[in-house]
Chemist: 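If you scroll down you'll find the structure; I have some questions about it.
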Amino acid sequence: MKTGELKRVFTIKIGNNSQVLEDPNPALSAEDVKELYSTQYPELLNSQIINKGVEDDKIQYEFATVAGTKG
């Protein structure tokens, strides 16, 4: 039996495109990771964090952006 911490994977979904983001620090919360990456991806400022569960021995998080139109 193998025990240990599960790694986290963060995915940003913008429209129909997805991009995997590395976990910058396992000690950070998912909200902190979102804030950290928001400088590179401003879309994250209005995104939701969705915990997709465990897959392939990794905790999967998705930053789902809310696309909208003005007016």
Side-chain angles (χ1 to χ4, degrees):
M1 179 187 279
K2 189 166 83 171
T3 62
E5 254 183 65
L6 293 175
K7 292 188 182 222
R8 302 183 300 176
V9 174
F10 296 91
T11 305
I12 180 173
K13 187 171 184 178
I14 303 170
N16 292 329
N17 300 321
S18 294
Q19 182 171 351
V20 176
L21 306 174
E22 294 294 320
D23 187 354
N25 184 345
L28 295 175
S29 69
E31 186 67 37
D32 291 337
V33 172
K34 173 183 152 180
E35 187 175 322
L36 180 74
Y37 275 115
S38 68
T39 57
Q40 291 174 290
Y41 302 96
E43 301 89 347
L44 290 178
L45 293 172
N46 295 322
S47 68
Q48 295 180 334
I49 301 171
I50 301 169
N51 184 335
K52 304 289 257 178
V54 177
E55 185 178 311
D56 298 326
D57 293 331
K58 296 176 184 165
I59 302 172
Q60 307 285 329
Y61 289 96
E62 180 181 310
F63 298 129
T65 60
V66 179
T69 58
K70 288 185 176 181

Chemist: I'd like to know whether CD of Glu22 has more than 12 heavy-atom contacts from other residues, nucleotides or ligands below 6.0 angstrom.
Modeler: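 No.
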Chemist: Of all the heavy-atom pairs spanning Ser38 and Leu44, show the shortest one and how long it is.
Modeler: N-CD1, 3.9 Å
Chemist: Between Glu55 and Gln60, what is the shortest heavy-atom contact and its length?
Modeler: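 Smallest interatomic distance, heavy atoms only, reads O-NE2, 3.3 Å.
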Chemist: Test of understanding: with ring-ring contact (aromatic ring centres under 6.0 Å, His included), list the residues that count as partners of Phe10, not counting sequence neighbours.
Modeler: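 Listed in chain order: Tyr61, Phe63.
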Chemist: Are Leu45 and Leu36 connected, step by step, through hydrophobic side chains (Ile, Leu, Val, Met, Phe, Trp, Tyr) whose heavy atoms are closer than 4.5 Å?
Modeler: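 Looking at the clustering, Leu36 is in a separate group from Leu45.
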Chemist: Rounded to the nearest 0.5 Å, what separation is found between the CD1 atom of Ile12 and the CG atom of Leu21?
Modeler: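 Output value for this atom pair is 6.0 Å.
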Chemist: Who else is in Val20's hydrophobic cluster (ILVMFWY, side-chain heavy atoms under 4.5 Å, direct or via others)?
Modeler: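 Val20 shares its hydrophobic cluster with Val9.
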Chemist: Ignoring hydrogens, what is the shortest heavy-atom contact between Glu5 and Pro26? Give both atom names and the distance.
Modeler: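 Closest approach of Glu5 to Pro26: OE1-CB, 4.5 Å.
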Chemist: Got a donor-acceptor contact below 3.5 angstrom from the Asp56 side chain to the Lys58 backbone?
Modeler: no
Chemist: Quick one: are Val33 and Arg8 in side-chain contact, heavy atoms under 4.5 Å?
Modeler: yes
Chemist: Any donor-acceptor pair under 3.5 Å linking the side chain of Lys34 with the backbone of Ile49?
Modeler: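 No.
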Chemist: Check Ile59 against Val54 and note the closest heavy-atom contact, atom names and distance.
Modeler: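 Here Ile59 and Val54 meet closest at CG1-CG2, 4.2 Å.
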